[in-house]
S.K.: 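One structure, as structure tokens, below. Some questions next.
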Amino acid sequence: MEEELIGIKNAALSFILEAESLESIEETKLQFLGKNGRLTIAIKDIKKVPEDKRAAVGMLANEVKETIERAIESKKQNLKEKSLSHVVKKIDVTNPGKAAPIGHLHLITQAIEEITDIFKSIGFTRVKYPEVEWDWFSFTALNFPQNHPARDDWETFFIDERQSDKFGPMLLTPHTSSGQIREMLSNKPPIKMLNIAKTYRRQADVGHTPMFHQFETLAVSENLSIGHLKGTLEYFVRSFFGPNIKTRIRPYHFEFTEPSFEVDITCTVCLGKGCKLCKEGWLEMGGAGMVHPNVLKNGGIDPQKYRGFASGWGVERVLLMRENLNIDDLRLVYSSKLEFLEQF
Ligand code: PHE
């Protein structure tokens with residue numbers, strides 16, 4: 001009986017091996033596993049086997065059955081794939097292909113490129129400085145006294161692992177103004193710098209993401225005045241927002257500029273008439289001022305001979321303002337949600 005079963009198995013496997021079509025596989029299946037198939041009949045005979053051997057023979061019969069079934073299934077799969085590859089060969093290669101979806105730059109990257117082009121057209125050079133920086137460049141050299149409460153306004157992420165004897169703790173740049181010091185220490189005037197970089201602050205809510213971008217200008221030369229600062233910012237605002245948009249400067253305070261200003265622009269919604277968004281026709285854009293003499297000194301520049309102006313604004317802020325995007329949650333910009341990003 002055992003020999004008979006093994007014989008059936010071998011016969012079935014060689015048929016399966018040679019089968020070249022799904023029909024012949026079906027035929028083989030019927031021949032061995034069908035109602036009157038060779039294996040089916042053999043299994044019926046198991047009851048004639050002496051009782052002490054019956055269980056072992058039964059197990060063998062089961063194994064044979066499973067082996068044949070598995071071989072049939074995998075051969076079928078095999079034949080199906082082959083017949084498909086045959087179809088592929090027949091495809092008309094002159095048909096137009098499927099177009100792959102094409103992505104585009106992130107909206108903030110687009111804005112950064114635009115801002116760069118505007119300042120480039122009036123002689124500013126885009127630079128890149130560390131975004132993991134020392135305290136000295138971000139605060140101390142910018143005229144913040146040690147332990148002064150004004151430092152808290154920048155909600156800085158400090159990196160506890162590193163501390164420099166000379167430059168203090170390590171941090172993630174909370175503003176791009178550290179670039180002013182880096183720029184002055186590595187270049188002689190005249191300087192016209194545009195520093196666009198990632199900035200980090202401990203803030204996360206509908207209006208803030210812990211990582212955002214700023215663009216910082218710094219100009220240093222012999223005869224710079226507030227007029228040059230205002231003219232430069234006005235040129236940017238007109239290019240970016242449109243010819244009807246004006247700027248105004250209001251006195252403010254920063255440690256690193258004197259005098260310091262907040263810059264407002266004509267409200268882009270009501271064009272200065274006054275509306276719900278702006279109240280009196282102006283929208284707040286960001287900080288600016290004439291570089292403080294101590295800051296020039298810390299940058300290795302003689303404040304008796306040179307003057308500078310600087311400004312630092314948020315990329316996300318200017319972009320959302322121009323597009324009049326009523327985004328009720330700024331975090332959407334960095335959420336990687338395609339439904340949102342594909343619109344830009
Ligand atoms: N660094 C300031 C801020 O983050 C902005 C600023 C830059 C102000 C340059 C004056 C001059 O708020």
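Start at 1 and go down the list; that is how both ligands and their atoms are numbered.
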S.K.: Using 30° and 60° as the class limits, which term best fits the ring planes of F215 and F119: parallel, tilted or perpendicular?
M.R.: tilted
S.K.: Is it the side chain (CB and beyond), the backbone, both or neither of S311 that lies under 4.0 Å from ligand 1, heavy atoms counted?
M.R.: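 The backbone, only.
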S.K.: Provide the number and element of each atom of ligand 1 under 4.0 Å from a heavy atom of F256.
M.R.: 1 (N), 2 (C), 6 (C), 7 (C), 8 (C), 9 (C), 10 (C), 11 (C)
S.K.: May I ask you to check whether S177 has an N/O atom sitting below 3.5 Å from an N/O atom of ligand 1?
M.R.: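 Between S177 and ligand 1 (N or O atoms, distance only) the closest approach is under 3.5 Å.
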S.K.: For residues R238 and L233, determine if any side-chain heavy atom of one lies less than 4.5 Å from a side-chain heavy atom of the other.
M.R.: no
S.K.: For ligand 1, find out whether one of its N or O atoms is nearer than 3.5 Å to an N or O atom of E216.
M.R.: no
S.K.: Heavy atoms only: give me the nearest R201-P174 pair and the separation to one decimal.
M.R.: NE-O, 2.8 Å
S.K.: In terms of atom number and element, which parts of ligand 1 are under 4.0 angstrom from non-hydrogen atoms of R201?
M.R.: 3 (C), 4 (O)
S.K.: Is the contact between P174 and ligand 1 made by the side chain, the backbone, both, or neither, using heavy atoms and a 4.0 Å cut-off?
M.R.: neither
S.K.: Just which atoms of ligand 1 are under 4.0 Å from any heavy atom in W154?
M.R.: 3 (C), 4 (O)
S.K.: Counting both backbone and side chain atoms, is some N or O of Q180 under 3.5 Å from an N or O of ligand 1?
M.R.: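 No, there is no polar N/O contact under 3.5 Å.
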S.K.: In the protein, what heavy atom is nearest to atom 12 (O) of ligand 1, and what distance, to one decimal place, separates them?
M.R.: F254 CE2, 3.9 Å
S.K.: Relative to the ring of F236, is the ring of F240 parallel (under 30°), tilted (30 to 60°) or perpendicular (over 60°)?
M.R.: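 Ring orientation of F240 relative to F236: parallel.
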S.K.: Identify whether the distance between the nearest side-chain nitrogen and carboxylate oxygen of K29 and E69 falls below 4.0 Å.
M.R.: no
S.K.: Tell me whether the guanidinium CZ or amine NZ of R250 lies under 6.0 angstrom from the six-membered ring centre of F261 and within 45° of its axis.
M.R.: no
S.K.: Among all protein heavy atoms, pick out the one at the shortest distance from atom 5 (C) of ligand 1; state its residue, atom name and that distance to 0.1 Å.
M.R.: G312 O, 3.6 Å
S.K.: Regarding Y252 and T257, is there a side-chain donor-to-acceptor distance under 3.5 Å anywhere?
M.R.: no
S.K.: Does any N/O atom on Q214 come nearer than 3.5 Å to any N/O atom on ligand 1?
M.R.: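 Yes: some nitrogen or oxygen of Q214 is under 3.5 Å from one in ligand 1.
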S.K.: Do I159 and P169 have side-chain heavy atoms sitting under 4.5 Å apart?
M.R.: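 The answer is no; the side chains never approach within 4.5 Å.
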